[in-house]
Structures are given as C-alpha cells and as structure tokens.
Trainee: 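Below is one structure. I have some questions about it.
Atoms within a ligand are numbered from 1 in the order they appear, just like the ligands themselves. It should be emphasised that the depicted structure is a prediction, and the values quoted were computed from it without experimental measurement.
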Amino acid sequence: MAEKARIAVLVSGGGTNLQALIKAQTRGVLHSGEIVLVVSNQAQAYALERAKKAGIPTLTLLRKELGGQAAFEKALAEALEKNQIDLVILAGFLSILSGDFTSRYPKRIINIHPSLIPAFCGAGYYGLRVHEEALKYGVKVTGATVHYVNEVPDGGEIIAQKAVTVREDDTPETLQKRVMRLAEWKLLPAAAEMVSQKLTERNGL
Ligand code: GAR
C-alpha cells in the first residue's frame, strides 16, 4: 500500500479550516495524506488549541522574534525539512510567503481564499476584508477558491472553486460564515485529498 503524503498546515487564527481538515482525516475523507504538523505565525491562534486537542504537534514561528521575513521562512523551511513534509496547506494563514520560498515547493503549497479568484484577491485581501469588499462592490455571487501557491499572491493555478449566493441582508460576518460553511470547509479537505493522492502517485510514496 502506498504511504500517505505528510502534510503541514499553516494557520494564523481561529482555525476552522484546520478543523475541517482534521474532521476529514478522522472520517477518512482525507486518507491519502496525514497532518503531521501545524505551524502558526501568531502565538494566540486558537487553531493551535484545535491541533493540540487532535494530538497534532504544533510549532509557533513569530516573524518579529525571529528577526524578519527571511528568518521566518528559513525557520519554516527547516521545520518542513525536519518533518519530511510533502504538502503545505495554508488554511487561514494570513501572511504572504516570498517567491524565494514558494519556488522551492512547486505545486506543493495550496491555499484557501474566501472569494472566487480573480475577484477580491491579492495583497491586502484576507479574512473579513474580502467579504467587506465583495459586499461593497455589490456582487451577487461570491465563494471560495483553492489554488496552488506561487510567487504571485493568490495567483497560482486554480484547483477548485465553489460559488455561494450573496443575500441582500448579508453583513461581512454573515457572508463570511456562509462562505466557510457552504464552500471552504468542503472545498479544502477535498482538494487536500486530491493533491495528496497526486503526490503519493507521483512520488511513489
Ligand atoms: C478563512 O475564511 C480563509 O479562507 C481566509 O481566512 C479565514 C481563516 O479562517 N484566508 C484568507 O483570507 C487568505 N487570503 P479560519 O482560521 O477559521 O480557517
């Protein structure tokens, strides 16, 4: 039997997408990969508690403490190497990785973004801000996108998308919740399984 892809999940906040991945793993929806490490760039991220509860090792890397982005990425690369990571999943990781870093992991980093790319994406578009802008613009349909990560923020090849209808009485908060529930929490685990499967086949893991 083929071995599983070793997955690191990068987080910054609440970690509901991490929770969806953990649940998918428990239920066997995610079976070609295994989450072996959760890395946070925020000390207070609740996602860390979720990982601990699930028995997954965690690591907190703080850019300021480490002395800047280059030092942060160096420490991250070392952790990935040490844990023999095959796939990195950005699940609510609200910081941009440099082209230097992403070019070292072609098609091995995926990200979930809470809009239908190419709308409301790129530098500065993250979290609730994305939904605020979607409502301000007046779009009637939004959604979520999972894509490979390259040197262009939110610009890598699209893996999967799911549309969600905007309601007239939506606030950024209600829209964010619905996009998470109807799109993100399904899309990310499904994409994680698909990419893990590809990696295990490609590498003969
Ligand atoms: C999610 O909506 C995710 O798509 C978004 O941040 C939220 C994190 O929630 N990510 C981005 O905006 C990336 N540009 P979570 O911590 O509960 O998963």
Trainee: Do S98 and Q69 have a side chain donor and acceptor closer than 3.5 Å?
Mentor: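 Note: S98 and Q69 side chains miss the donor-acceptor criterion.
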Trainee: Under 4.0 Å from any heavy atom of I112, which atoms of ligand 1 are there?
Mentor: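 With I112 as reference, the close atoms of ligand 1 come out as 4 (O), 10 (N), 13 (C).
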Trainee: Does Y125 have a heavy atom less than 4.0 Å from any atom of ligand 1?
Mentor: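 Contact present.
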Trainee: Would R129 and Y125 count as a cation-pi pair here, with the cationic atom under 6.0 angstrom from the ring centre and within 45° of the axis?
Mentor: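 That pair qualifies as a cation-pi contact.
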Trainee: Could you list the atoms of ligand 1 found under 4.0 angstrom from a heavy atom of P114?
Mentor: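 In order of numbering, the contacting atoms are 2 (O), 4 (O), 5 (C), 10 (N), 11 (C), 12 (O).
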Trainee: Considering both backbone and side-chain atoms of D154, is one of its nitrogen or oxygen atoms within less than 3.5 Å of a nitrogen or oxygen in ligand 1?
Mentor: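 No, there is no polar N/O contact under 3.5 Å.
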Trainee: E184 side chain to T16 main-chain N or O, any donor-acceptor pair under 3.5 Å?
Mentor: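 No, the answer is negative, given that no donor and acceptor are paired below the 3.5 Å cut-off.
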Trainee: Below the 3.5 angstrom mark, is there an N/O of N17, backbone or side chain, next to an N/O of ligand 1?
Mentor: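 N/O-N/O distance under 3.5 Å: yes.
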Trainee: What's the shortest distance from atom 12 (O) of ligand 1 to any protein heavy atom, and which residue and atom give it?
Mentor: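 For atom 12 (O) of ligand 1, the nearest protein heavy atom comes out as G127 N, 2.8 Å.
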Trainee: In terms of residue, atom name and distance, what is the protein heavy atom nearest to atom 9 (O) of ligand 1?
Mentor: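 Ranked first by proximity to atom 9 (O) of ligand 1 is M180 CE, 3.3 Å.
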Trainee: Is a salt bridge present between K74 and E78, judged by a nitrogen-to-oxygen distance below 4.0 Å?
Mentor: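 Here K74 pairs with E78 in a salt bridge, since their nearest N and O are under 4.0 Å apart.
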Trainee: Indicate yes or no: does an N/O atom of Q176 lie under 3.5 Å from an N/O atom of ligand 1?
Mentor: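 Such a contact does not occur with ligand 1.
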Trainee: Does L94, backbone or side chain, put an N or O under 3.5 Å from an N or O of ligand 1?
Mentor: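 Checking ligand 1 against L94, no N or O pair falls under 3.5 Å apart.
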Trainee: For a side chain to side chain contact (heavy atoms under 4.5 Å, CB included) check, start with the C-alpha distance between V139 and L116, then their side-chain angles and the critical distance, and finish with the verdict.
Mentor: CA-CA 11 Å; V139 291; L116 294 175; over 6 Å; no
Trainee: When you measure from the heavy atoms of G15 to every atom of ligand 1, does any distance fall below 4.0 Å?
Mentor: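 Right, G15 reaches ligand 1.
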Trainee: With distance as the sole test, does K52 use its side chain to make a donor-acceptor pair with the main-chain N or O of T58 at under 3.5 Å?
Mentor: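 Looks like no, no N/O pair under 3.5 Å.
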Trainee: Any side-chain donor paired with an acceptor under 3.5 Å for R6 and Q84?
Mentor: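 No - no donor-acceptor pair under 3.5 Å links their side chains.
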Trainee: Roughly how far, to the nearest 0.5 Å, is OG of S12 from CG of L94?
Mentor: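 With rounding to 0.5 Å, CG (L94) is 4.5 Å from OG (S12).
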Trainee: Identify the closest protein heavy atom to atom 8 (C) of ligand 1: which residue and atom is it, and at what distance?
Mentor: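 Of every protein heavy atom, G92 CA, 3.6 Å lies nearest to atom 8 (C) of ligand 1.
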Trainee: Identify which of H113, Q19, R50, E184 has a heavy atom lying nearest to atom 1 (C) of ligand 1.
Mentor: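 Nearest heavy atom to atom 1 (C) of ligand 1 lies in E184.
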Trainee: Under 3.5 Å, N or O to N or O, is T16 touching ligand 1 that way?
Mentor: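 Such a contact does occur with ligand 1.
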Trainee: Does the pair E133/K136 count as a salt bridge with the N-to-O cut at 4.0 Å?
Mentor: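 A salt bridge is present here (some side-chain N lies under 4.0 Å from a carboxylate O).
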